[in-house]
Every structure is written in C-alpha cells, then in structure tokens.
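Convention: sequence-line order gives letters A, B, ...; per-chain numbering from 1.
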Protein chains: 2
Amino acid sequence: MAANILIVDDEQAIADLVEVYLKNENYNVFKFYNGRDALNCIENEKLDLAILDVMLPDIDGFSICQRIRGKYNFPVIMLTAKEEEVDEITGLTLGADDYITKPFRPLELVARVKAQLRRFTRYNTAETEQDKRVIEFSGLVLDMDTHECMLNERRLSLTPTEFSILWVLCSNRGRVVSVEKIFHEVWGDKYFTNSNNTVMVHIRHIREKMHDSAERPKYIKTVWGVGYKIEK
Amino acid sequence: MAANILIVDDEQAIADLVEVYLKNENYNVFKFYNGRDALNCIENEKLDLAILDVMLPDIDGFSICQRIRGKYNFPVIMLTAKEEEVDEITGLTLGADDYITKPFRPLELVARVKAQLRRFTRYNTAETEQDKRVIEFSGLVLDMDTHECMLNERRLSLTPTEFSILWVLCSNRGRVVSVEKIFHEVWGDKYFTNSNNTVMVHIRHIREKMHDSAERPKYIKTVWGVGYKIEK
DNA sequence: TTAAAATCTTAAGATTTTCTGAATATAGAG
DNA sequence: CTCTATATTCAGAAAATCTTAAGATTTTAA
C-alpha cells in the first residue's frame, strides 16, 4: 500500500509540482494551499509524512509541525525559501526531520521523502532500485547523500547538475532516458524549454570526466531519436 | 470497458488526427477545439486521461492542467509545438505527466497514452497484444521503450523510422499490412503521398539488417498488390 | 563586501546519422 | 511480351547530436 503524504504550500505552483512528483512515485497525495485545511487533513487522515512550507498566510509551518509532533508520529519535511535560512536551526529543533530549501530539484525532494519513509519500517518491504540512495554497479558508485561518484576506484568530481543527470541515468539503467525526462527529473517542469541543448552539454562533460567518448561510449550510450542509456 | 480520453487542440487537423488514432484503439474520445468546452467536459465526464495543447485561444492548456490537478486524479499529456516561442512555453507545462512535441508519430502518441493508462492499474486487466510495449515471437524481440530490436540473439540497430515500421508489421503479424496503412501509422495521414517509395526503401533497409532478402524473404514477405506481411 | 572560482546556460557551427526522392533495375500478372 | 508493382541504389536534404567557447550566474573565499 502506498504511503499517504501531505503537502502544504501557499504557492500553488510549488504544491502542484510536488504533488506531480509524488504521484509519479505512486504515493497518495493530500495537497493544500493553506494551513487551516492542512490541519483538518492531519486530524482526519492517516498520514505517513508531511511536507510543510514554513511561510503560510494563516498558520505557519512550524505551528503545524508542532501540532503533528504533539499528537502523531510521522516524519515532517520543511520547505524553506532561501532567504529564510536563519530559521533552519529553529525548524529542526522544533522537530522537523528534514528541511529542503527552495528552489529544489524534484529528484532531491523525492529522495528525501524516501529517506524519511525508510526510517519507518513499514515501507521498507519492497525497496526498489529507484528507492536507493547509493547506486553501485560495475565499478560505478553514486552516493546521493554526499553527491560523491567513484568510477573504478577513481573519484569523479561532478558538479551538482552533472551528478543529478548521471543519477537519473543510473537509476534508470537498462532503459533509455529521453532528454525530456532528464529535464523533468533534474530541473522540474518550470524550467522546461524545447530549444536548448543544456542536457547535451552536461552529458558531454560527464562523458569527459568518465573518460568516455560519444563515438564509442563505454558508459553513456546515445540511442538515436530516443535518448541516452546506461547498460545494465 | 474502454478508457475515456479528452483531446483538446485548436488546430482541428491535429485534434481530428488524434481522435482517429485513439478511436482506432477503441478508446472513447472526447474532442474539443477550445478550452472552455474542454473544461465543461472535465466537470461532467468521468475521464481517464487528457491530452492538452499548450496554446489554446481561450484558456491555455496549463490552466486546464492545473484545474485537473486540483480536483481530479488522472494523467495529463501536453502537446507542445516545437516552433512556439520559448518564453510562451516556459512555465506553462508545469505538472503534466508526459510531453509530446508536434509533429509526432501516431504510433508514438498511442504508445505514450498506453504507458500513462498503464500507471493506473484499473486498465491493466485485459492487456491485449496491441497494448504491449514489448513484442516477442519466434526469435524476434522489439522493445518500444528502448527502440531495441533483437533477432535470434543478434542485436539489430534500427533507426527510429525503421523501428516504427517493423513495429507496425509485427503488431499486425499474420495479417497483410498495406503501404498506406504503414504510412498512416508511422507518419500520419497528412504526410501521405502516392508518389514516393519511402516505405519501400525503409523496408529494404530493415530486410538488410535482418539478413533478409526480397526474393525469398524469411521475415517480411511481399504480398503482391496488397502490402507486406510477417508470419504468425 | 568584494573578488575569485566554479558552475551553468546559450549559441553557433561541425559532424554524424537518418530520411527522402529520383533514376534505374527486376520480377510477377495477365 | 508488356505492363505494372516492387526492388535497388545512391546522392542530396533534413534532422539529431556533438563540440567548443564565451558570457551569465551562482557559490566560495578572502
């Protein structure tokens, strides 16, 4: 059975985005644009995790978090705008299990959600490849927590974007991943444009660091007309 | 029971085309040329999927998508024209489950629709031959996701068009497929002309890669005056 | 706060792959 | 044998991908 997740953010675009990515992972999503409705949901639904924006027009995220802590026992992830960094410590001490600063990568959000759910054994049962925070196969090791990447004992220093792209490719290995999908996963929809080759340039850089070549690639293969692929 | 699918596009030709292909797959199609009528349909019909053009004269696809997200729980596929201004598109595609850029192949559209419907278990029950994304029989394996093709353990590297044509032949195996039908499936009606032999050339290339010959073909047989056929 | 470094994005052009149409050849039907 | 449908070949056009580099932006360090 899928976990029930609450998302509250008065920025509807953010809440909607989060909803899409969570639904994509087959979670049940309860979405609200204000604190009042969220509190109501908390009382009436059996939740497994809550994602709360700190700044809400009516009841702020901290208060909601405290309310949850008082009566329930499920993890809470706080969303904070970059400018509110001062409050980070406060939020944590008030009992949030994790916090994410906006803007965030869908990939990152989903990874954090899974990490929190994992702490509650109920959802440990069928851990798929996609749920892992460390990917390791044929000489390649990727660690989502540290963003470290090792290839045959050699350490590749990847930039955040490069790491994210490689992560997407690796967590879908054996399958072809379209450029569109990479965009979707790494940047999120709102940065989507049709006419740029940003992904390609990053792929190029990753290949370079892997000592891989486009013409006869050992790792990242080009599937013409479809996308990129890493062999199983 | 067949799924209910909404298609909205102010380019009537596109909407009509999509309608034809979806009806061909026995879906119930609700077709509209503007956003207002579409919204009305969303409220009154029990939909299973929506295909929305981003640029509509009255209410844009993005708004419709948000409206759906807010109240319902079915997948949304967005249609975007490649030529559309980047600025217009940025931010407009938020929240869709998949994207297809125009022009697209009917085959591709149908495949994406099925992929989305599959995510909703309700329609998993009676998966027919046509719904599959992998075709496998007598030593031949075609994978729609990766565009990979294996013939007796040997890997054929087909171009996108070649793959599409072979897919059409295989998914209709045992039956003769006319050149016109191949055109219809792979390119869509509007590109159909009688005065070229493009399909033939592609068939030739496919046969070559299969080590097949026209005079005594093992796989793709020529049915004089009718079309091509792959034995069951 | 400012400067330096790292990273990201964009754009233009090069390269590679794929598609198409024309010319010509071959094979089957009547 | 003739007519027509299908096959073959190939070259130019079109499309997708790759490469490079410069400028913009963000992060880090002083």
Side-chain angles (χ1 to χ4, degrees), chain A residues 82-83 85 101-105 147 149 156-166 176-180 182-183 186-188 190-210 212-217 220-229, chain B residues 82-83 85-87 90 101-105 108 147 149 156-166 176-180 182-183 186-188 191-210 212-217 219-229:
Chain A
K82 206 177 204 173
E83 293 71 29
E85 55 192 300
T101 56
K102 295 189 272 190
F104 53 85
R105 301 203 154 139
H147 274 207
C149 173
L156 309 185
S157 73
L158 302 176
T159 69
T161 304
E162 286 162 11
F163 181 90
S164 300
I165 289 174
L166 187 54
V176 181
V177 186
S178 69
V179 169
E180 232 166 69
I182 293 174
F183 245 106
V186 175
W187 282 266
K190 68 173 167 174
Y191 302 106
F192 183 88
T193 61
N194 265 319
S195 60
N196 75 45
N197 63 347
T198 302
V199 170
M200 254 174 224
V201 173
H202 286 296
I203 294 272
R204 152 83 177 141
H205 292 149
I206 298 168
R207 277 176 170 158
E208 208 161 50
K209 288 177 183 176
M210 296 178 100
D212 212 3
S213 72
E215 44 183 38
R216 198 149 10 78
I220 303 176
K221 311 224 155 124
T222 303
V223 182
W224 268 78
V226 190
Y228 296 94
K229 177 185 174 185
Chain B
K82 214 167 206 174
E83 290 74 24
E85 295 279 317
V86 170
D87 290 344
T90 304
T101 55
K102 295 189 274 190
F104 52 84
R105 299 198 155 146
E108 201 66 40
H147 276 207
C149 174
L156 310 185
S157 75
L158 302 176
T159 71
T161 302
E162 286 162 11
F163 180 90
S164 300
I165 290 174
L166 188 54
V176 183
V177 186
S178 68
V179 169
E180 203 171 300
I182 293 174
F183 244 106
V186 176
W187 282 268
Y191 301 104
F192 183 80
T193 58
N194 260 323
S195 62
N196 73 44
N197 62 346
T198 301
V199 170
M200 247 174 232
V201 173
H202 287 296
I203 294 273
R204 153 79 179 145
H205 291 149
I206 297 168
R207 278 176 169 158
E208 204 163 52
K209 289 176 182 176
M210 296 178 100
D212 211 3
S213 71
E215 44 184 39
R216 198 150 11 78
Y219 305 105
I220 302 176
K221 311 225 155 124
T222 304
V223 182
W224 203 268
V226 189
Y228 297 94
K229 177 184 174 183

Candidates D:dT8, C:dA27, C:dT18 - which lies nearest the side chain of B:E215: C:dA27
Phosphate contact (C:dT17 OP1 or OP2) by B:T159 side-chain N/O below 4.0 Å: no
Nearest atoms (heavy-atom pairs only) where B:R207 meets B:A214: NH1-CB, 3.5 Å
Residue B:Y228, side-chain heavy atoms: nucleotide from D:dT19, C:dC19, D:dT6 that is nearest: D:dT6
Exercise: identify the closest heavy-atom pair between B:Y228 and B:V179: CE1-CG2, 3.9 Å
Minimum-distance nucleotide (side-chain atoms of A:P160 versus D:dA7, D:dT17, C:dC8): C:dC8
B:W187 side-chain N/O to C:dC19 phosphate OP1/OP2 under 4.0 Å: no
Separation of atom CD1 in B:I206 from atom P in C:dT20, rounded to whole Å: 13 Å
Atom-to-atom span, NE2 of A:H205 to C1' of C:dT9 - whole angstrom: 11 Å
Reference residue B:E162; test side-chain hydrogen bond (donor to acceptor under 3.5 Å, both in side chains); the match among B:H147, B:H202, B:K209: B:K209
Between D:dT8 (P) and B:K209 (NZ): distance, integer Å: 15 Å
Whole-Å gap separating P (D:dA21) and CD (A:E208): 11 Å
Gap between atom CD1 of A:I203 and atom CD1 of A:I182 - 0.5 Å precision: 4.5 Å
Value in whole Å for how far the P atom of D:dA7 lies from CZ of B:R216: 15 Å
Closest heavy-atom pair and its distance - B:P160, A:G225: CG-CA, 4.0 Å
Sugar-phosphate, base or nothing in reach of A:F163, heavy atoms under 4.0 Å: nothing
Spatial distance of atom OG1 (B:T159) from atom CD1 (B:I165) [nearest 0.5 Å]: 8.0 Å
Residue-phosphate contact under 4.0 Å: B:W224 side-chain N/O, D:dT4 OP1/OP2: no
Selected nucleotide, minimal atom distance to A:V201 side chain, candidates C:dT9, D:dT8, C:dT18: C:dT9
Rounded interatomic separation in angstrom, taking NZ from A:K221 and C1' from D:dC18: 18 Å
Nearest-angstrom distance from the residue atom CD1 of A:I203 to C1' of C:dT9: 15 Å
Under 4.0 angstrom between B:T222 side-chain N/O and D:dA5 OP1 or OP2: no
Selection from C:dT20, C:dA27, D:dT17 that lies nearest to any side-chain heavy atom of B:T198: C:dT20
Side-chain-base donor-acceptor pair under 3.5 Å for B:N197 and D:dT9: no
For atom CE of A:M200 and atom P of C:dG13, their distance in whole Å: 17 Å
Selection from D:dC18, C:dT9, D:dT9 that lies nearest to any side-chain heavy atom of A:H202: C:dT9
side-chain N/O A:R204 vs D:dT17 OP1/OP2, d < 4.0 Å: no
